[in-house]
Amino acid sequence: MASGSLAILFCCTLSPLLLISSAQTCSSFTFTSKRSYTSCMDLPYLEAHLHWNYTPSTGKISLAYRAKQRSQGWIAWAINPSRAGMVGSQALVAFRNTNGSMTAYPTSITSYSPSLLPGSLSFHVSNISAEYLDNEMTIFAVLGPLEDVTTVYHVWQAGSTVLNNIPQSHPLSPPNLQSTGTLSLLSKK
């Protein structure tokens with residue numbers, strides 16, 4: 001990893017799962033926006049949760065990624081279509097804009113010093129939005145179609161600073177560096 005890089009988003013190795021300490025698990029959470037998801041996972045780091053509906057016939061995933069965060073920070077969730085880790089990840093990023101509204105967009109992570117500017121992904125992204133409620137940021141989106149995929153590598157991240165509407169690097173603490181894993185889109189947790 002390059003030291004002093006603008007933003008190091010995601011770690012490169014898989015690690016054993018740790019239990020998170022979160023007041024509300026994904027299965028007991030109710031979205032205020034009347035959205036519902038058939039599958040969810042309490043992620044082992046960064047007080048984060050992933051909710052999704054996967055439709056195998058279309059290859060599309062409707063998702064909500066939520067994580068504890070201060071209003072000045074940012075969150076990201078990504079699929080890496082080819083391997084575990086950061087480089088190659090296709091990310092969704094969200095933060096509170098300087099005007100106070102939430103901003104969410106896709107960005108490709110092509111190096112250990114990504115720009116984190118909006119960009120295209122290797123798959124289609126639609127209905128992307130974000131909200132900030134009760135010290136928690138949530139990204140909503142529909143991904144796909146994904147071709148013949150039922151298990152993916154995924155990574156997630158959080159940083160404490162956004163400058164000029166650009167997320168800055170996250171801490172290099174163990175939870176940030178271990179926020180990676182595999183996701184079975186067919187699981188019903």
Side-chain angles (χ1 to χ4, degrees), residues 1-15 18 20-24 26 29 31-33 41-51 63-80 84-121 125 127-141 143 153-181 183:
M1 286 186 206
S3 62
S5 59
L6 174 62
I8 299 174
L9 278 183
F10 308 106
C11 178
C12 307
T13 61
L14 295 174
S15 301
L18 298 178
I20 59 171
S21 60
S22 181
Q24 191 166 27
C26 68
F29 187 80
F31 289 93
T32 59
S33 56
M41 178 186 290
D42 295 317
L43 299 172
Y45 306 102
L46 304 178
E47 294 186 77
H49 314 272
L50 182 65
H51 305 256
L63 69 88
Y65 167 73
R66 59 188 185 88
K68 288 287 183 191
Q69 185 54 279
R70 298 175 325 140
S71 62
Q72 302 89 345
W74 59 270
I75 63 169
W77 181 84
I79 288 176
N80 191 324
M86 173 184 158
V87 176
S89 293
Q90 307 292 290
L92 307 175
V93 178
F95 58 88
R96 183 173 269 182
N97 199 303
T98 54
N99 68 12
S101 66
M102 289 298 294
T103 296
Y105 55 79
T107 186
S108 289
I109 308 300
T110 58
S111 73
Y112 288 110
S113 299
S115 71
L116 295 182
L117 295 174
S120 298
L121 302 186
V125 177
N127 300 333
I128 189 167
S129 64
E131 67 182 20
Y132 184 72
L133 296 168
D134 300 325
N135 295 315
E136 189 170 79
M137 287 185 182
T138 304
I139 300 171
F140 300 99
L143 308 181
Y153 296 110
H154 70 129
V155 291
W156 60 97
Q157 201 47 257
S160 60
T161 307
V162 176
L163 293 176
N164 299 317
N165 292 326
I166 300 174
Q168 302 299 297
S169 67
H170 65 75
L172 297 178
S173 63
N176 292 90
L177 297 177
Q178 295 170 335
S179 296
T180 184
L183 172 66

Nearest non-hydrogen partners of Met102 and Ala94, listed with the distance: CE-CB, 4.3 Å
Within the structure provided, determine whether Arg70 and Ser160 are in side-chain contact (heavy-atom separation under 4.5 Å). yes
Quick one: side chain to side chain donor-acceptor pair (under 3.5 Å) partners of Asp134, sequence neighbours excluded? none
Can you tell me how far apart OG1 (Thr138) and CD (Glu131) are? Round to the nearest 0.5 Å. 5.0 Å
If you look at every heavy atom in Phe31 and Ala64, which pair is closest and at what distance? CZ-CB, 3.7 Å
Could you measure the distance from the CH2 atom of Trp74 to the OG1 atom of Thr103? Nearest 0.5 Å is fine. 14.5 Å
I'd like to check the side chain to side chain donor-acceptor pair (under 3.5 Å) partners of Tyr132; sequence neighbours left out, ordered by chain and number. Asn135
Is there a donor-acceptor pair under 3.5 Å between the side chain of Asn164 and the backbone N or O of Ile166? no
Could you grab the distance from atom OG of Ser89 to atom NE2 of His154, nearest 0.5 Å is fine? 11.0 Å
Side-chain (Tyr105) to main-chain (Leu116) donor-acceptor, under 3.5 angstrom: yes
Relative to each other, are the rings of His51 and His49 parallel, tilted or perpendicular (30° and 60° limits)? tilted
List the steps and the verdict of side-chain contact (heavy atoms from CB on, under 4.5 Å) for Trp77 and Ile75. CA-CA 7 Å; Trp77 181 84; Ile75 63 169; over 6 Å; no
Contacts of Thr32 that satisfy side chain to side chain donor-acceptor pair (under 3.5 Å) - sequence neighbours left out: none
Note: Pro44 and Trp156 closest approach over all heavy atoms is CD-CZ2, 3.6 Å
Test log, rule side-chain contact (heavy atoms from CB on, under 4.5 Å), inputs Ile139 and Val93: CA-CA 8 Å; Ile139 300 171; Val93 178; 5.8 Å; no
Is Thr107 reaching over with its side chain to a backbone N or O of Leu117, donor-acceptor style, under 3.5 angstrom? yes
Go through Leu143 and Ile79 one step at a time and tell me if the side-chain contact (heavy atoms from CB on, under 4.5 Å) criterion holds. CA-CA 10 Å; Leu143 308 181; Ile79 288 176; 3.9 Å; yes
Are Leu43 and Ser179 side-chain neighbours, meaning at least one heavy-atom pair lies under 4.5 Å? no
Counting only N and O atoms by type, is there a donor-acceptor contact under 3.5 Å from the side chain of Ser111 to the main-chain atoms of Ser113? yes
Between atom OG1 of Thr110 and atom CD of Gln90, what is the distance when rounded to the nearest 0.5 Å? 9.5 Å
Check: Thr161 main-chain N/O paired with Gln72 side-chain donor or acceptor under 3.5 Å: no
Note: Ala48 and Ala67 closest approach over all heavy atoms is CB-CB, 3.9 Å
Does any N or O in the side chain of Asn80 come within less than 3.5 Å of the main-chain N or O of Gly85, such that one atom is a donor and the other an acceptor? yes
Which pair of heavy atoms, one from Ala141 and one from Val125, lies closest together, and at what distance? CB-CG1, 4.4 Å
Is the backbone of Phe140 close enough, under 3.5 Å, to the side chain of Asn127 for a donor and an acceptor to pair up by distance? no
Which heavy atom of Val162 sits nearest to which heavy atom of Gly73, and what is that distance? CG2-O, 3.7 Å
I'd like to check Leu92 versus Tyr65 (side-chain heavy atoms, cut-off strictly below 4.5 Å). Are they in contact? no
